[in-house]
Amino acid sequence: MNGTIPEAALALWAKSGTPYHPLLAHMLDTAAVAWAILRREPSRTLYLYAQDWSLSEEEALSWASFLVGLHDLGKASPIFQLAWEEGARRVRGAGLEWDEDLKAHWVAHGVFTDLFLRRLLGERGLSKVVAGDLATALGAHHGFPATAEEKKQGRLHLRLEAGPWWEVRAWLLDVLARTLGVVYPKMENARPEAILRVMALASFADWVASDPALFPYGRDPLTPTYWPEALELAQKGLDRLGWRPYRPPEAKGFQELFPYIPRPNPLQEAVPALLQGVEEPVLLLVEAPMGMGKTEAALYAHHLLQRALDHRGLYVALPTQATGNGLFPRVRAFLERASAGAVELQLQHGSALLNPEYGALLEKIHPERVGEGEEEGVVASAWFSARKRAMLSPHGVGTLDQALLGVLRVKHHFIRLWGLMNRVVVLDEVHAYDVYTSGLLEALLRWLRALGSSAIVMTATLPPSRRKVLLSAWGAKEVAALGSYPRVALLGSGGLRVEALPPARRVEVALERVPVEEEALAARLLASLPGALGAVVNTVDRAQRLYQALGQGRPLTLEGLVERLGSGGQGPWQEVLEAKAEKAHWVVGKELQDGTLVLLLHARFPAEERALRESVALALFGKGGPRPERAILVATQVAEQSLDLDFDLLYTDLAPVDLVFQRAGRLHRHERGRPEAHAHPRLLLGVPEGLSFGEPLYWSRVYEDFILLATGKALEGRATLRIPEDLEALLEAVYEAGPEGFPEPLRKRAEEGFRRLEERRKKEEETARNLSLSQLEKLLALGDSAGMAAELGLEDDEEKPETQRLLTRLGDPSVAVVPLFRVGEGLFLDREGRHPVRLRGEIGREEAEALFRRAVRLSRFPIPRDLSQKEPPSAWKKVGLLRGLRPLEVGRTFGKGKGIFRVELDPELGVVYLRG
């Protein structure tokens with residue numbers, strides 16, 4: 001060959017352009033970013049890397065950074081180098097040749113990284129197993145490990161190259177190793193969490209090092225100053241992106257962090273007592289009803305654990321976007337009191353950009369000024385707001401789904417797990433999940449424990465069998481009865497310690513059965529006025545019918561509501577007042593002739609309308625707002641969790657017993673004066689004749705028929721519910737019992753329902769086990785179900801109905817749509833035709849956000865099937881916010897024959913399905 005091995009190696013390019021960026025330069029840049037990231041982490045993160053490889057912390061820093069720098073070694077391949085004509089000529093001129101036949105079969109460079117490192121790392125003394133695992137992990141830096149077929153094609157390519165390619169690759173690896181002072185570890189096997197820590201860091205560092213604004217091209221990687229300069233660029237780059245050095249919080253007492261609480265209650269006192277002297281990550285299980293200050297207890301536990309264990313941050317996982325939105329301001333306020341200087345906090349769910357408080361944080365931070373000491377308090381850096389990167393932020397509030405994607409083989413799932421590593425993860429309201437999602441939750445707990453995180457699991461209602469499974473996932477060998485409810489339990493290396501608690505609030509709720517027919521129910525609610533009343537029903541269609549049955553009234557606009565109730569009040573009402581300037585004429589409910597306000601809240605409103613109605617409901621039926629004398633909120637399950645609603649009287653459809661208790665927790669929630677007729681809490685329970693849950697109610701499509709039957713049986717004859725005393729016994733009666741004991745008319749139905757329930761449970765458990773990384777050893781597996789799911793190449797926001805079911809929740813497919821109105825020849829966001837919608841061409845940021853704010857998710861068959869068959873409009877596909885959305889012209893019909901229906905958007909009712 002002409003020239004030397006170093007000359008040939010330096011001819012290889014990683015980034016094309018004039019000047020180009022040599023492959024060695026990018027390898028060093030990426031290693032420098034990894035080095036800088038780990039230096040900014042808490043010391044315990046680097047300790048974990050050292051433990052992984054049985055190295056000192058300094059040796060582990062060099063080793064991990066070296067491995068990360070190898071991620072793109074696959075670019076030292078003919079098929080990559082010939083992708084840029086000018087670069088290919090230079091490489092050939094340096095003596096590296098290939099057969100032109102390989103152009104016919106493209107292979108990704110990550111596949112070659114896998115193939116090259118298996119051999120090269122093995123030649124440097126690593127065991128075959130360790131070299132293979134690291135090769136697979138680093139080859140996956142673009143999202144997925146290489147498949148067997150891809151590696152087969154890659155090996156065919158290697159036969160068609162000529163010249164000293166292997167010598168060049170070895171030289172690149174050895175230069176990188178010498179520059180970083182690498183000590184090769186001696187071990188036969190590496191734990192899955194060790195592999196994952198390298199795997200994820202490679203992708204993270206590559207994203208940063210690939211930005212030419214941070215790492216300019218054209219720098220000579222063989223100059224003696226290249227490595228220190230790369231480290232300096234890495235530090236400056238992380239500053240610009242908002243990745244700040246870790247600063248341990250100062251020790252603060254409970255009342256410093258929560259000044260609005262006069263003194264901690266028994267739960268809030270029990271948590272620090274249990275955590276005293278903790279020396280390793282733990283699982284904290286809090287089982288307590290609503291109103292016991294679980295959130296503050298969890299946040300204080302995070303503070304104590306971070307102080308004791310050097311955890312890098314906090315993620316609070318909630319069941320829904322609405323509950324995440326509700327908790328976001330509270331976590332922000334806590335972090336501002338707990339920390340000095342700027343603290344990164346991300347809101348993590350699909351509609352986060354619609355949250356005004358989060359949007360304000362994004363606007364507050366200026367990435368180019370980060371690190372200059374100008375920012376104080378909580379901020380949200382734009383770099384972290386991207387979907388895949390949000391979990392890297394040290395602090396976050398979001399949905400459980402965002403965390404569960406870490407244990408599903410979707411693209412870059414390992415980035416999410418790395419983000420949760422060495423962190424306190426709060427899993428709130430775990431009672432709200434189905435069997436499949438609960439199976440994924442078990443897998444997540446196993447990974448959190450392995451990755452050195454602590455977990456805080458909070459629940460109001462948990463059947464004993466579910467409790468046992470969750471504790472077992474954290475390593476508990478035997479789980480006996482835990483004593484009386486409410487309680488808090490700590491699980492660590494010292495075993496399980498439990499402390500029973502006195503309830504913060506004992507309530508005896510009168511239980512009264514009422515008819516379920518909408519007209520009769522509406523009459524009963526109207527007759528129960530005055531008061532602030534609630535009705536929680538099981539389906540959106542039923543909520544819409546009940547709202548209509550409550551009578552004709554004039555549409556209530558936001559402006560009319562404010563005029564009616566005035567500008568006093570605090571909390572959510574202030575948000576409502578601030579929204580008036582922009583949304584004065586938006587409809588939020590109706591006003592009956594006698595002045596009664598009737599509001600409707602469900603998930604089939606466009607996102608911005610739902611958010612406004614949620615704020616109105618919190619203001620009128622919550623704490624601190626102008627409580628109306630005569631008002632009724634009709635809602636679906638969106639009102640049963642986390643929203644701080646307080647009703648004088650509540651109606652609920654029969655639902656699973658734990659959800660009945662959840663809903664009952666919205667009765668007399670706060671101390672306040674109430675109408676005489678509602679001096680004592682009463683729960684009106686809708687129980688259909690013969691416990692028939694099919695058409696026209698369709699409750700058995702929402703909940704398991706057997707669970708509804710068992711709840712009806714357990715509550716039969718009860719005149720009261722004692723909260724919390726009756727909770728555990730009723731949970732066991734419903735969830736731990738079989739079909740025995742049902743009266744003759746229901747016996748066969750109960751037996752059949754129980755059989756279907758058991759079959760579904762087993763199927764969902766198996767699905768969760770197969771598709772998730774339920775066993776840590778499955779991380780790199782290709783031949784199992786999780787590996788086959790990975791071969792589908794799913795993004796974590798996949799919208800196709802046939803693949804949705806592989807994500808975090810089983811259920812009917814759904815599709816996110818933007819309802820559009822046809823006015824003349826055009827499509828518009830509004831009925832009046834003032835806001836046109838572009839389907840082709842270029843869409844600006846404001847226009848994209850306006851479309852995104854109108855999105856609503858629909859699951860009525862065949863809407864998801866029909867709309868998902870077509871690609872999004874070309875203009876929408878270019879914008880990340882809009883890629884998963886489909887346009888839906890209001891008035892369009894779906895189905896056929898007797899099942900045909902029309903989709904309308906009603907300003908009071910939301911999306912409505914009309915027959916014919």
*asked:* Tell me whether R307 contacts the main-chain N or O of P249 through its side chain, where contact means a donor paired with an acceptor under 3.5 Å.
replied: yes
*Would you find a donor on one side and an acceptor on the other, under 3.5 Å apart, between the side chain of S454 and the backbone of V424?*
no
_Ion pair E58/R39, N-O distance below 4.0 Å_ = yes
_Within the 3.5 Å criterion, strictly below it, is a donor on H26 or D206 matched to an acceptor on the partner's side chain?_
yes
*Return yes if some donor-acceptor pair links the side-chain N/O of R497 with the main-chain N/O of L490 below 3.5 Å, else return no.*
no
_Flag side-chain contact, heavy atom, 4.5 Å: K15 against P212_ = no
*Side-chain contact, heavy-atom cut-off 4.5 Å: L121 with V130?*
no
*How about T113 and L70: do any of their side-chain heavy atoms sit closer than 4.5 Å?*
no
_Any non-hydrogen side-chain atom of W243 less than 4.5 Å from a side-chain atom of E41?_
yes
_Residues in salt bridge (Lys or Arg N to Asp or Glu O under 4.0 Å) contact with D72, at least two apart in sequence or another chain_ = K75
_Assess whether a salt bridge exists between E193 and R197, defined as any Lys/Arg side-chain N lying under 4.0 Å from an Asp/Glu carboxylate O._
no
*Worked verdict on Y300 versus H302 for ring-ring contact (aromatic ring centres under 6.0 Å, His included)*: CA-CA 5 Å; Y300 191 49; H302 154 69; over 10 Å; no
*Specify the closest pair of heavy atoms between G492 and V282, including all atoms of both residues, with the distance to one decimal.*
CA-CG1, 4.3 Å
*For residues R312 and Y246, is any side-chain donor paired with an opposing acceptor at under 3.5 Å?*
no
*Residue pair L214 / L233, side-chain heavy-atom distance below 4.5 Å*: no
*Can D114 and R118 be counted as an ion pair, charged N to O under 4.0 angstrom?*
yes
*So, H109 and H141: side-chain donor and acceptor under 3.5 Å apart, yes or no?*
yes
*Looking only at atom types and distance, does a side-chain atom of H71 sit under 3.5 Å from a main-chain N or O of V68, one as donor and one as acceptor?*
yes
*asked:* To check you understand the geometry: which heavy-atom pair defines the closest contact between G154 and F112, and what is its length?
replied: O-CE2, 3.5 Å
*asked:* Quick check for you: to the nearest 0.5 Å, what is the distance between L304 atom CG and H311 atom NE2?
replied: 11.5 Å
*Work out which heavy atom in H21 is nearest to a heavy atom in R219; give both atom names and the distance.*
CE1-NH2, 3.5 Å
*Is any side-chain heavy atom of W63 less than 4.5 Å from a side-chain heavy atom of V198?*
no
*Side-chain contact test, heavy atoms from C-beta onward, threshold under 4.5 Å: evaluate it for L314 versus H395 and give yes or no.*
yes
*asked:* A side-chain contact here means heavy atoms from C-beta on lying under 4.5 Å apart; do L441 and L427 qualify?
replied: yes
_Surrounding CD of E250 (heavy atoms of other residues, nucleotides or ligands, distance under 6.0 Å), is the total greater than 12?_
no
*Distance under 6.0 Å and angle within 45° of ring axis: R169 vs F116*: yes
*Look at the side chain of R449 and the backbone N and O of W474, then say whether any donor-acceptor pair between them is shorter than 3.5 Å.*
yes
*Any donor-acceptor N/O pair, R124 side chain to L120 backbone, under 3.5 Å*: yes
_Short side-chain to backbone donor-acceptor contact, H303 and K252, under 3.5 Å_ = yes
*Quick check, are the ring centers of W447 and H413 under 6.0 angstrom apart?*
no
_T136 side-chain N/O to P145 backbone N/O, donor-acceptor pair under 3.5 Å_ = no
*Provide the closest heavy-atom pair for A489 versus V498 in the form atom of the first, atom of the second, distance.*
CB-CG2, 4.0 Å
*Closest heavy-atom contact between D310 and S43?*
OD2-OG, 2.7 Å
_Shortest non-hydrogen contact between L134 and W53, atoms and distance_ = CD2-CH2, 3.8 Å
*Report the C-alpha separation of R40 and D239 in whole Å, then their side-chain angles, then the decisive distance to 0.1 Å, and conclude whether the salt bridge (charged side-chain N to carboxylate O under 4.0 Å, His left out) test is met.*
CA-CA 11 Å; R40 292 183 175 217; D239 284 344; 2.9 Å; yes
